[in-house]
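Basis for what follows: all heavy atoms, side chains included, without hydrogens, waters or symmetry-related copies. Chain identifiers are assigned alphabetically (A, B, ...) following the order of the sequence lines, protein sequences preceding nucleic acid strands; residue numbering begins at 1 within each chain. Remember, predicted model here, so these are calculated numbers, not experimental data.
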Protein chains: 2
Amino acid sequence: MTKLQSHGREPFETVDRAPEAQAEGFATVRQAHESEMAEDYVELIAELIETRGEARPVEIAERLGVKPPTVTKNISRLKAAGLVRREPYRAIFLTDAGRELAEACRRRHRIVVEFLLSLGIDEETAERDAEGIEHHVSTTTLEAFEQALKQFRNHE
Amino acid sequence: MTKLQSHGREPFETVDRAPEAQAEGFATVRQAHESEMAEDYVELIAELIETRGEARPVEIAERLGVKPPTVTKNISRLKAAGLVRREPYRAIFLTDAGRELAEACRRRHRIVVEFLLSLGIDEETAERDAEGIEHHVSTTTLEAFEQALKQFRNHE
DNA sequence: GACAAAAGTTAGACATGGCTAACTTATCTA
DNA sequence: TAGATAAGTTAGCCATGTCTAACTTTTGTC
C-alpha cells in the first residue's frame with residue numbers, strides 16, 4: 001500500500017514539473033470551478049427532493065447561504081444547461097442529465113466524506129472540507145479513496 | 001486508525017445537516033476561492049525565486065497557463081494586499097507576509113501530494129489533484145493527512 | 001374572497017479573474 | 001549603438017456569481 005519510497009525520491013522534496021504540466025493542472029482547477037456551481041445545485045436539489053419532496057429556491061438559498069436572487073439567476077443557468085426543468089414560481093425538477101450528474105456528485109461526496117471520517121476527522125470538518133475537496137478529486141483519486149476505505153473496513 | 005463505525009451510523013448514509021451548518025460550509029468554500037489566486041501566485045513566486053533566481057511575469061503566466069495581462073493585473077492585486085513588492089517591468093519579490101503565506105502553502109501542498117502518493121496515486125494525478133484540493137484542506141484535515149503519512153512510513 | 005405574508009423574480013450594481021489588441025519598455029544581437 | 005525581439009503594461013471587453021431594492025406572484029388565513 002505504500003508507494004512512498006518507491007518513487008525514487010525523498011518525501012517532501014519539491015517536484016520540478018514541466019511548465020506545461022503545471023499549467024494544465026491549473027487549467028483543470030479553473031475548469032472544476034466552472035462546474036462547481038452546477039454540481040452544488042443539482043446535488044442539493046436531489047437531496048431536497050428526496051428529503052423534502054420538492055426543491056424550492058428559498059430552501060436552496062438557505063442551504064447554500066446565498067440570497068434568493070442568486071438562486072433564481074443560477075437556476076436559469078442550469079435550465080439553459082439542460083440540467084433542470086422549471087416553470088417560474090414553481091418547484092425545481094431535475095432532467096435526466098441533472099439527475100445523472102447529481103447521482104455522480106452525491107456518490108463522490110459520500111466517498112470523500114467517508115474517507116475523511118476514516119482518517120479520524122470529525123463529522124463537521126469532514127463535511128465542510130468535503131464540500132470543497134470533492135470538486136477537485138479525479139476518478140483516479142476517488143478510486144484510491146474507495147480502495148483505502150475498503151482496507152480500513154477490513155482491518156477494523 | 002479506523003473511527004469508521006464508531007460514529008454510530010452506517011457508512012454511506014446521507015447526513016442531514018442543519019441548514020446553517022451546510023450554508024457555513026459553502027461559505028467556507030467561497031472564501032477559499034477568494035484566497036486561491038493569492039495562494040497560487042505566492043506559492044509559484046517562491047518556487048520560481050528558489051529554482052530560477054527570480055520571478056518574472058512571463059514565467060508565471062506560462063506556469064499558470066494564463067496570459068501575461070492576467071498576471072499583471074493579479075500581481076497588482078497582490079501588491080495591494082501587501083504580499084509582493086514590485087516595480088513596473090521588474091522582477092517580483094515577496095514581502096515578509098508573502099513569504100510566510102508561500103511557506104504555509106508549499107508545506108500544505110507537499111503534504112497533500114505526499115498523502116495522495118502514499119495512497120498509490122501516480123505523480124501526475126497527485127500533483128494535479130493537489131493543486132485543487134490544497135485550498136480546501138482545513139488544519140484538522142491536514143494534520144490527519146500528516147498523521148496517516150507517518151503511519152504509512154512506519155509500516156513499510 | 002380579500003388581504004397579509006411569504007416566496008420568487010427582475011433590474012442593476014459590483015468584484016474577480018479571464019481574454020485580445022495595441023502600446024511601452026527592456027534586452028539582445030548584428 | 002540601432003533595430004529587432006521579447007517582455008510587460010494598459011485599456012477595454014466578457015462571464016461568473018454574488019448583492020440590494022423594488023416589484024410580482026403565490027400561499028395561507030380570517
Would you mind reading off the distance between A/Glu59 atom CD and C/dA6 atom C1', rounded to a whole angstrom? 14 Å
Check: C/dT9 base within 3.5 Å donor-acceptor of A/Lys73 side chain: no
Parallel, tilted or perpendicular: rings of B/His33 and A/His136 (30°, 60°): perpendicular
Side chain of B/Arg86 (C-beta onward), nearest among D/dG8, C/dG18, D/dT27: D/dG8
Is it the case that C/dG17 (base atoms only) and B/Arg77 (side chain only) share a donor and an acceptor within less than 3.5 Å, ignoring hydrogens and angles? yes
Would you mind reading off the distance between A/Lys67 atom NZ and D/dA22 atom C1', rounded to a whole angstrom? 16 Å
Spacing between B/Ile60 atom CD1 and D/dG8 atom C1', to the nearest angstrom: 12 Å
Take B/Phe93 and B/Arg86, measure what side chain to side chain contact (heavy atoms under 4.5 Å, CB included) needs, and give me the verdict at the end. CA-CA 6 Å; B/Phe93 300 93; B/Arg86 147 93 147 155; over 6 Å; no
Without decimals, in angstroms, what is the distance between A/Ile92 CD1 and C/dG8 C1'? 10 Å
Specify the separation, in whole Å, of atom CZ of A/Phe26 and atom P of C/dG18. 10 Å
Consider only side-chain N and O atoms of B/Thr28 and A/Arg128, and report whether a donor and an acceptor are under 3.5 Å apart. yes
Between CD of B/Glu34 and P of D/dT16 the distance, given in whole Å, is 18 Å
Base, sugar-phosphate alone, or nothing: which one does A/Pro57 contact when heavy atoms must sit under 4.0 Å apart? sugar-phosphate
Give the rounded distance in Å between these two atoms: CZ of B/Arg90 and P of C/dT27. 6 Å
Checking contacts here: which listed nucleotide (C/dT10, C/dG18, C/dA21) is nearest the side-chain heavy atoms of B/Pro69? C/dA21
Proximal nucleotide (of D/dC19, C/dG8, D/dT26) relative to the A/Val66 side chain: D/dC19
Rounded off to whole Å, could you give me the CE-to-C1' distance for the B/Met37 and D/dT16 pair? 16 Å
Select one nucleotide: of C/dT25, D/dC19, C/dT10, the one nearest the side-chain heavy atoms of A/Thr72. C/dT10
Side chain of A/Arg56 - closest among C/dT20, C/dG8, D/dA7: C/dG8
Quick note, A/Val58 side chain, CB onward, closest among C/dG18, C/dG8, C/dG17 is C/dG8
Side-chain donor or acceptor of A/Thr51 paired with backbone N/O of A/Glu47 under 3.5 Å: yes
Can you tell me if the side-chain N/O atoms of A/Thr70 get under 4.0 Å from OP1 or OP2 in D/dG17? no
Nearest non-hydrogen partners of A/Asp129 and B/Ser138, listed with the distance: OD2-OG, 2.7 Å
